[in-house]
Amino acid sequence: MQFSYSWLKTQADTDLTPEQFSHLLTMSGLEVEEAEAAAPVFSGVVVAEVKTVEKHPDADRLNITQVDAGTGETIQIVCGAPNVRPGIKVPCALPGAVLPGDFKIKPTKMRGQVSNGMLCSAKELGLPEDGADGLHILPENAPVGANLREYLDLDDTVFTLKITPNRADCLSIKGLARETAALTGCVFRQPEIQTASVTGTKTQPVRIDAPDDCGRFLSRVIENVNAQAASPDWLKQRLARSGIRSISALVDIGNYVMLEIGQPMHVFDADKISGSLIVRRAENGETLECLNEKTVTLSDNTLVVADDQGALSMAGLMGGAASAVSDGTKNIVLEAAWFAPETIAGKSRQYGFGSDSSFRFERGVDCELQRDAVERATELVLQICGGQAGTITEAQGRLPERKAVPLRTARVAKVLGVAIDEARIETILSALGLQPQKVSDGLAATAPSFRYDIEIEADLIEEIARVYGYENIPGEQTSGRLNMMPLPETRRSRFTVYSQLAARGYQEVVSYAFVNEAWEQDFAANADPIRLQNPLAAQYSVMRSTLIGGLVEILQNNLNRKQNRVRVFEIARVFRKDSDGRFVQTERIGGLAYGTAAPEQWGEAARAVDFYDVKGDVEALLAGKNAEFVQAQHPALHPGRTAEIRIGGQSVGFIGELHPQWLQKYDLPQAPLVFELDVDAVLAREKTAYRPVSKFQAVRRDLAFVLPESVSHADLLHALAAADSPLVQEISVFDVYRGTGLPENMKSMAVKVVLQSSEATLTDEEVEQVVGRLVAAAESAGAQLRG
């Protein structure tokens, strides 16, 4: 919801500064997202009238003007605007004026002619452009010499609120003014609604065939309107500061009434309606061309306003093109209705478009506003477009019932932790329009027609807390003690995982759980992902089963912003279907590394990050566990640079380089390394076991084996571990050689073996015996001791 503070002040007599008002609204639950000035800072600009215009003798595109700026004498100003002409009133920056961008105006000569100021366009003043090519032309009745900022009310603030779905009553100036009065105690001036004199003869019959969906429907015919009349500047300005573009006087009036009092309206061309206006459910397959130039096929869960020939508009959502007003319209029908919120909710997503009207109807519009809206719109139409108004025709369906909600004053003190006397509570509820009545154990409040969210006692207590002020509730009343239960010895804290990854240069990111279906196919080969029934957008249509897609998108965003070294991780849930079709969600840790292995520096040559850099990061996460990295295949990763990560024979994740196919598709100059692990596997740890340190000398033996390329490092270590000697304390590969002296498709691996006993110093005979068993075990895996 966007609105002008000066417009609000016409209904709420508040003297709060914009900063104070912003704080007040936010602390009461109406979050202010943005508060910005209606116009940039400038000074010394006044309203001026152009008296004469002559061609510049030495420049084809310049004119010499004589201008009355209210100083008592005419001023000569050289102007190059194509729309300058005698008689118009325009903004004039006098010498000494300062325009946006700290541009100072002073007397000067232009091609030999003196210019004592500057005639300004809207763009030069930072104002919304009016479509004119050149000067910003002001109304004919603009007072010459008046300060432009005061005349155009430019010292205004435009607020943007983040309205929660339960506060539809604040989606209008009237609602916000009513809320402001309740919060500050200032005077609330309700808009005066004048009842129009009936001078027309025509009426528009209406009928409701879906009474549960439409509680009230009103129409009024206004004959002989001037559809080409221009909207007055004050109306266009208020619409603009509310984020709505001026279209035509009739459309603008409907939008203005919606913003002013909160009732969406629609204007039909009366001559394009056949018979009665009927509110009904659409027939399956019925089509409608909407005002947004889209033709939709309607389903029977959609409410429409129709005539005897067919649907004219989607109720509460969008009007139809066939019955829309145009410059040739002579007679109009004003329509105002109350539609049940649950009937309108979800239709914007269903049809792929929404409107300001649907935004309000699906949250709940005051069911008592419709007649006021028609009368207010009639007043504006007659004032701006002329015409003769007919009698209002009304049809009724089922309207919501309002029930009294009991409130125990003792319960208020218990919930809020602060004693508020009953008189103050009664004052607060009355200011909110909740009509409190005294009962035996407290009060009973009846929600007004504009508050759908007041249903139970807790709702009333929340309203009391808001208006009383959260800042006035003592802090000690909202604090308490919680017993922090220790983690079991077999589980690490999550904080240590975050800290460990951050210490290794990774930054945490958060991405959507809703992803593009193409990502699931590309990165998980998932042809049947979990699909959303009502996706936020087409690119967020399925639930992710892997974190890779989100990490790759974040990498793309970084590369687009010239960040060439990226380390990111995410800990989040992924979603899949099990063999029985049930939904399963698990938590995973995903990481991505791209660019150089180390930040640019003088002490180390730049090299691209590789598999073993990221493998080291993963091993650090899995420290203390016997993790194996087994060559594997994964749809997202390079076929020869991918490993499955196993602990105790169970798969807990994968690691590898992104597949070249996806580098090309996602326009990545270099292959990133990615990994993904089960969170439970990372957080689990073995109990700490005590083992005495041997006081006897350790013995090291280096063994070099020649083995086929098909035998992996893991295969060799598994074979050596099968020798199962208690004297072997460590086995690790420290060198791999390929090249001269070795047969084709063979390699050499050098293994360090550390032997040690806790009982005695080892003899050569004992060492050689263990080494012999290790060599024999290696030979069983296809390795030969290198000579």
Side-chain angles (χ1 to χ4, degrees), residues 2-12 14-15 17-18 21 34-51 65 67-71 75 77 79 81 83-85 87-105 117-160 173 229-247 249 252-253 255-256 259-260 380 383-384:
Q2 185 176 315
F3 68 95
S4 157
Y5 194 28
S6 66
W7 189 8
L8 178 78
K9 286 183 177 181
T10 63
Q11 297 187 28
T14 176
D15 57 359
T17 66
F21 184 66
E34 191 175 3
E36 60 179 6
V41 175
F42 61 82
S43 61
V45 182
V46 299
V47 176
E49 182 179 0
V50 179
K51 292 295 188 181
T65 66
V67 173
D68 179 7
T71 59
I75 301 169
I77 297 177
C79 177
N83 64 339
V84 65
R85 63 182 184 274
I88 62 172
K89 293 181 179 178
V90 294
C92 176
L94 297 173
V98 180
L99 300 187
D102 199 28
F103 182 64
K104 297 179 176 62
I105 302 299
M118 175 179 170
L119 303 183
C120 303
S121 67
K123 184 177 182 181
E124 288 163 338
L125 297 175
L127 303 179
E129 298 187 42
D130 53 9
D133 183 16
L135 301 178
H136 180 51
I137 299 178
L138 301 172
E140 294 179 1
N141 62 355
V144 172
N147 184 300
L148 188 75
R149 295 195 71 88
E150 295 177 3
Y151 174 68
L152 294 180
D153 191 22
L154 299 181
D155 294 320
D156 188 14
T157 302
V158 175
F159 289 96
T160 302
I173 296 297
S231 296
D233 287 344
W234 62 266
L235 190 149
K236 290 193 288 187
Q237 183 189 76
R238 286 181 173 180
L239 290 179
R241 292 184 187 176
S242 300
I244 294 181
R245 180 174 57 89
S246 174
I247 298 173
D252 290 352
I253 288 168
N255 286 332
Y256 182 84
L259 292 171
E260 185 181 48
L380 292 172
Q383 175 186 330
I384 298 169

Closest approach of Leu99 to Phe42 (non-hydrogen atoms, all atoms of both residues): CA-CB, 3.9 Å
Sequence neighbours excluded - salt bridge (Lys or Arg N to Asp or Glu O under 4.0 Å) pairs with any residue from residues 95-105: Asp102-Lys104
What residues, two or more places apart in sequence or in another chain, satisfy salt bridge (Lys or Arg N to Asp or Glu O under 4.0 Å) together with Asp156? Arg241
Identify, with sequence neighbours excluded, every residue that meets salt bridge (Lys or Arg N to Asp or Glu O under 4.0 Å) alongside Arg238. none
Tyr151 meets the ring-ring contact (aromatic ring centres under 6.0 Å, His included) criterion, sequence neighbours left out, with none
Closest non-hydrogen atom pair between Val90 and Ile137, with its separation: CG1-CA, 4.3 Å
Ring geometry between Tyr256 and Trp234 (parallel below 30°, tilted from 30 to 60°, perpendicular above 60°): perpendicular
Got a sec, which residues hit side-chain contact (heavy atoms from CB on, under 4.5 Å) with Glu150, two or more places apart in sequence or on another chain? Asn147
Contact summary for Ser121 and Gly134, nearest pair of heavy atoms: CB-O, 3.0 Å
Should the pair Tyr5 and Phe159 be assigned to parallel (<30°), tilted (30 to 60°) or perpendicular (>60°) ring geometry? perpendicular
Mind checking what makes side-chain contact (heavy atoms from CB on, under 4.5 Å) contact with Val144, not counting sequence neighbours? Glu49, Asp68, Lys89
Nearest non-hydrogen partners of Thr65 and Ile77, listed with the distance: OG1-O, 2.7 Å
Flag side-chain contact, heavy atom, 4.5 Å: Leu259 against Trp7: yes
Check Lys9 against Thr14 and note the closest heavy-atom contact, atom names and distance. CE-O, 3.9 Å
Under the side-chain contact (heavy atoms from CB on, under 4.5 Å) rule, what do Cys92 and Ile75 come out as? Steps first, then yes or no, please. CA-CA 10 Å; Cys92 176; Ile75 301 169; 5.6 Å; no
First locate atom CG of Leu8, then atom OG1 of Thr157, and finally report the distance between them rounded to the nearest 0.5 Å. 11.5 Å
Determine whether Glu260 and Gln11 make a side-chain contact, defined as any pair of heavy atoms from C-beta on separated by less than 4.5 Å. yes
Kindly indicate whether the side chain of Leu235, heavy atoms from C-beta on, has any atom under 4.5 Å from the side chain of Ile384. yes
Do you know the tightest heavy-atom contact between Gly126 and Pro100? N-CG, 4.4 Å
CD1 of Ile247 to NZ of Lys236, rounded to nearest 0.5 Å, is 12.5 Å
Measuring only between side-chain heavy atoms, which start at C-beta, is Val50 closer than 4.5 Å to Arg85? no
Less than 4.5 Å apart, any side-chain heavy atom of Leu138 and any of Leu148? yes
Just do the side-chain contact (heavy atoms from CB on, under 4.5 Å) check on Val158 and Gln2 with the steps written out, would you? CA-CA 7 Å; Val158 175; Gln2 185 176 315; 3.5 Å; yes
Check whether any side-chain heavy atom of Ile173 sits under 4.5 Å from a side-chain heavy atom of Phe3, and report yes or no. yes
Within-4.5 Å side-chain heavy-atom neighbours: Val41 and Val98: no
Here the gap from Ser242 atom OG to Asn255 atom CG, rounded to the nearest 0.5 Å, amounts to 10.0 Å
I want to check something: taking the side chain as every heavy atom from C-beta on, are Ser231 and Leu239 in contact at a cut-off of under 4.5 Å? no
